[in-house]
Amino acid sequence: MPTQPRLIDLAADTATRPSKGMRQAIAAAPVGDEQRGEDPTTLALEARVAGLLGQEKALFLPSGTMANQIAFLVHCRAGDEIVCAENAHVFGSEGAGAAALSGAQFRPIETATGLFSVEDVARRLRAPRHRSPRSRVIAIEQTTNRGGGRIWPEAEILALKALARENGLALHMDGARLLNAAVATGLAAARFAAPCDSVWIDLSKGLGCPVGAVLAGPEAFIEEALVWKHRLGGAMRQSGILAAAGLYALDHNVARLAEDHANARRLAALLGAVPGLALQPGGAVTNILFLDLSGTGVPARALAEALLGEAVRVNVEGESRIRMVTHLDISAGDVEAAGRAIVAALARLRAAPQGHAAP
């Protein structure tokens with residue numbers, strides 16, 4: 001039987017698989033009872049991430065979504081309000097978790113890039129009164145997901161922190177791709193994270209771990225977060241098996257994020273001259289690239305289906321928008337092959353009779 005081609009998976013950087021070295025680190029990890037504070041590998045990861053982010057303490061969790069939700073549970077009470085970007089992951093991709101769990105609602109800011117200004121937030125803060133929601137949290141996403149991997153500048157984060165302090169709000173950072181921002185700018189991760197009242201990094205995206213995120217903040221915040229972790233599922237017992245992957249990733253997979261950024265730029269260059277195809281403004285900033293197909297007349301889902309037949313997977317984001325994300329399982333050669341497949345599939349689909357897919 002013919003060998004199936006390897007899938008070039010550009011749909012998300014969560015597609016990464018643990019490497020041989022990471023698997024060896026997992027197998028060799030010293031472990032203990034996490035709930036008793038006796039798992040040495042988990043404790044080492046938490047201390048490492050707290051230092052990396054300029055925070056007092058950290059907590060190892062199963063996922064980034066759980067990190068966001070625990071942060072909101074600590075910061076908010078029922079009826080509070082969270083200001084964030086309209087296209088933020090916390091607003092549109094976490095099952096309305098803040099409303100369901102903490103009873104908080106969102107006050108979104110329309111922004112194509114996922115970035116917004118201090119003035120945008122100030123206009124949305126509520127004056128304290130008994131019949132209004134209480135503005136409680138400003139949530140930012142580093143880098144911006146549906147904003148195309150844009151980077152929050154340090155100066156803007158500091159300005160938001162000052163506004164939050166003046167108005168009694170917490171500043172929370174969804175740091176799913178914070179280390180991409182650090183590598184792209186050459187600034188230490190703590191420069192972006194230290195001003196925040198809570199922040200987390202994802203281990204299962206560009207860092208290549210099979211699972212996990214680490215939430216960080218002041219010691220009192222983490223003590224409350226630990227309570228909510230237990231309420232939402234309890235201890236993970238010998239979690240050092242998973243934490244070992246995070247320590248390995250921090251040792252081996254951070255600096256190489258620059259390769260993912262270079263591959264995203266390479267992909268943008270390959271597609272930039274295709275007639276009717278528009279790339280996100282500014283091209284590839286880090287490892288996320290959006291394509292606007294509206295000028296080609298080809299529906300996004302039709303292109304995605306055609307590409308899947310060529311062993312290339314992309315993510316459909318609406319009728320005419322495609323998202324592609326580079327990561328450690330995507331090589332420069334994969335990017336070249338994907339670029340060629342996209343150009344060829346678009347040409348076939350545009351040449352096909354309207355309403356019929358090209359074979």
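Everything numeric here is computed off the predicted structure, so don't read it as measured data.
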Determine whether the side chains of [X] and [Y] contain a donor N or O and an acceptor N or O closer than 3.5 Å.
| X | Y | answer |
| --- | --- | --- |
| Asn68 | Thr65 | no |
| Thr42 | Ser239 | yes |
| Arg266 | Asn263 | yes |
| Glu34 | Gln238 | no |
| Ser198 | His172 | yes |
| Asn287 | Asp13 | yes |

Could you check if a side-chain atom of [X] sits within less than 4.5 angstrom of a side-chain atom of [Y], using non-hydrogen atoms only?
| X | Y | result |
| --- | --- | --- |
| Pro62 | Met236 | yes |
| Leu73 | Leu232 | yes |
| Thr326 | His261 | no |
| Leu178 | Leu53 | yes |
| Leu250 | Leu52 | yes |
| Arg323 | Leu289 | no |
| Glu81 | Arg136 | no |
| Phe192 | Thr185 | yes |

Give the minimum heavy-atom separation between [X] and [Y], together with the two atoms involved.
| X | Y | answer |
| --- | --- | --- |
| Ala306 | Ala345 | CB-CB, 4.2 Å |
| Val312 | Ala341 | CG2-CB, 4.2 Å |
| Leu215 | Ile222 | O-CD1, 3.6 Å |
| Leu43 | Gly37 | CD1-O, 3.3 Å |
| Ala245 | Cys209 | O-SG, 3.3 Å |
| His327 | Val325 | CD2-O, 3.5 Å |

Does a sphere of radius 6.0 Å around [atom1] in [X] hold more than 12 heavy atoms from other residues, nucleotides or ligands, not counting ones at 6.0 Å or beyond?
| X | atom1 | answer |
| --- | --- | --- |
| Arg36 | CZ | no |
| Arg17 | CZ | no |
| Arg231 | CZ | yes |

When you group the ILVMFWY residues by side-chain heavy-atom contacts below 4.5 Å and let the links chain together, are [Y] and [X] in the same group?
| X | Y | result |
| --- | --- | --- |
| Phe106 | Leu163 | no |
| Val90 | Met173 | no |
| Trp152 | Ile109 | yes |
| Leu279 | Ile342 | yes |
| Leu101 | Trp228 | yes |

Nearest-0.5 Å distance, [atom1] of residue [X] to [atom2] of residue [Y]:
| X | Y | atom1 | atom2 | value |
| --- | --- | --- | --- | --- |
| Arg350 | Leu346 | CZ | CG | 7.0 Å |
| Arg146 | Glu141 | CZ | CD | 8.5 Å |
| Ile8 | Leu308 | CD1 | CG | 11.5 Å |
| Leu10 | Asn315 | CG | CG | 10.5 Å |
| Leu115 | Arg150 | CG | CZ | 7.5 Å |
| Ile82 | Ile138 | CD1 | CD1 | 11.5 Å |

### Query
Checking side chain to side chain contact (heavy atoms under 4.5 Å, CB included) for the pair His252/Met22: CA distance, chi angles, key distance, verdict?
CA-CA 9 Å; His252 297 90; Met22 183 177 286; over 6 Å; no

Is the shortest distance from a Lys or Arg side-chain nitrogen in [X] or [Y] to a carboxylate oxygen in the other one below 4.0 Å?
| X | Y | result |
| --- | --- | --- |
| Asp39 | Arg237 | no |
| Asp202 | Lys205 | yes |
| Lys57 | Glu46 | no |
| Asp260 | Arg177 | no |

### side chain to side chain contact (heavy atoms under 4.5 Å, CB included) evaluation trace for Val211 with Leu203
CA-CA 7 Å; Val211 66; Leu203 302 174; over 6 Å; no

### Message
Working note: Asp80 + Arg107, criterion salt bridge (charged side-chain N to carboxylate O under 4.0 Å, His left out); need CA distance, chi angles, decisive distance, verdict.
### Response
CA-CA 10 Å; Asp80 286 350; Arg107 192 165 173 85; over 6 Å; no

### Task
Report the relative orientation of the aromatic rings in His75 and Phe221; use parallel for angles under 30°, tilted for 30 to 60°, perpendicular for over 60°.
parallel

### Task
Kindly indicate, with the supporting measurements, whether the criterion side chain to side chain contact (heavy atoms under 4.5 Å, CB included) is fulfilled by Leu169 and Val137.
CA-CA 5 Å; Leu169 276 68; Val137 177; over 6 Å; no

I'd like to know if the side chain of [X] reaches the main chain of [Y], judged simply by a donor and an acceptor atom lying under 3.5 Å from each other, with no hydrogens or angles considered.
| X | Y | result |
| --- | --- | --- |
| Asn87 | Thr111 | yes |
| Gln280 | Asp292 | no |
| Thr144 | Thr113 | yes |
| Glu86 | Gly92 | no |

### Query
Centroid-to-centroid, Trp200 to Phe60, below 6.0 Å?
no

### Message
Go through it in stages, so that I can follow the logic: the residues are Lys161 and Asp197, the test is side chain to side chain contact (heavy atoms under 4.5 Å, CB included), and I'd like the CA-CA distance, side-chain angles, deciding distance and then a yes or no.
### Response
CA-CA 9 Å; Lys161 174 62 176 179; Asp197 298 289; 2.9 Å; yes

